[in-house]
There are 2 protein chains.
Amino acid sequence: MKSFKKMLVDKGISPSMQRIKILEYLSKNRIHPTADDVYRALVKEIPTLSKTTVYNTLKAFTNKGILTALSVFENEVRYEYEQQPHIHFKCLKCGRIYDINEKYDYLNDKYIAGHKVIEHHVNLKGICKNCLEKEKEDE
Amino acid sequence: MKSFKKMLVDKGISPSMQRIKILEYLSKNRIHPTADDVYRALVKEIPTLSKTTVYNTLKAFTNKGILTALSVFENEVRYEYEQQPHIHFKCLKCGRIYDINEKYDYLNDKYIAGHKVIEHHVNLKGICKNCLEKEKEDE
DNA sequence: AACAATTTTGTAATTATTACAAAAGAGTAA
DNA sequence: TTACTCTTTTGTAATAATTACAAAATTGTT
């Protein structure tokens, strides 16, 4: 597996310690964290870490296509490690965001009503499996 | 056509002047406005209007299903007058949001990976027809 | 070691939104 | 009309996410 360091170099980003740690965190914690989540997790290891660094780094990674920024119905941005396009499901009860790897017809690079599509996001909202089961138990 | 006043009464919302004007604005301006857009447009007519009223009213209307709240890739909420489910397209160049009435397989009320779907949003990002044409002209 | 370029840090500012209590308005019964 | 209650609106202050920006630290190079 390609090291995070090498990955950054390949993308033309100089691999500082902070940047490597942030990338590593996103790769190992597939929980769609906010910038603040990333900061709170890493400041334990890097006590001098600054939020501005986190914001700058997440933005830079997103621009380079290393991460994807999500707006799943909330007014805070969440990030995820780049992977195959997939569906996001947000539970209205517990707030968790699930990845759903169902097939759908990607419109990326296609034209629709004359508009050129670059990104195609599918966001679902509802009650997740866990919460549905809990509801049943409570009956 | 049902009056805005009657529409509110039917939904169990007492039809104050502010509420009627806000609903009327959303109905007549299908531009996916933010709360601030609504405020700035209406404060001309209603100089005493408060932003809190706008926020409260938009939230109440959304809860009653009169409006839909969108998070189309930005960290600000936009609102639209309730209508058939449709696709949203956000232009990366001009920032405009277009409604696209293409057919797609609505997952509402269905189950996917055991999760119950209540809302299904499709958000596209790209370059809109207008901006594509302008790009061509500039060549 | 000295220098230049890059990166990180910390603080202040900005923006969207919410909390909350006082003021205003509307409806109703005496 | 007046008194009373309930609802809605208003205005201000607080919160939360994000950005701006300049100083400090780090890195690589001569």
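Here the structure is a predicted model, which is why all the values come from computation and not from measurement. In what follows, every chain begins at residue 1, and chains take the letters A, B, ... in the order their sequences are listed.
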Expressed as a whole number of angstroms, how long is the span from B:Arg78:CZ to C:dT15:C1'? 14 Å
Give one of base, sugar-phosphate or nothing for B:Ser16, where a contact means two heavy atoms less than 4.0 Å apart. sugar-phosphate
May I ask you to check whether B:Asp37 and B:Thr34 show a side-chain donor-acceptor distance below 3.5 Å? yes
Checking C:dT8, D:dT7, D:dA17 against the side chain of B:Ser14 (C-beta onward), the nearest is D:dT7
Would you please classify the geometry between the B:His115 ring and the A:Tyr98 ring as parallel, tilted or perpendicular, with 30° and 60° separating the classes? tilted
Could you state the atom-to-atom distance from NZ of B:Lys5 to P of C:dA26 in whole Å? 11 Å
Which residue lies toward the 5' end of DNA chain D, A:Lys51 or A:Asn56, if each is placed at its nearest nucleotide? A:Lys51
Integer-rounded Å distance: D:dT10 C1' and B:Tyr55 OH: 16 Å
Rounded distance in Å - CE (B:Met17) to C1' (C:dG25): 11 Å
Residues which pass salt bridge (charged side-chain N to carboxylate O under 4.0 Å, His left out) with A:Lys51, listed by chain and number, not counting sequence neighbours: A:Asp36
Could you check B:Leu49 against A:Asp36 and say which one's nearest nucleotide on DNA chain D is further toward the 5' end? B:Leu49
As a test of your reading of the structure, name each stem of DNA chain C as range with range, where a stem is three or more consecutive Watson-Crick or G-U pairs at under 3.5 Å. C:1-30 with D:1-30
At 4.0 Å (heavy atoms only), tell me whether B:Thr48 reaches a base, stays on the sugar-phosphate, or touches nothing. sugar-phosphate
Any base atoms under 4.0 Å from B:Thr52, or only sugar-phosphate, or nothing? Heavy atoms, all strands. base
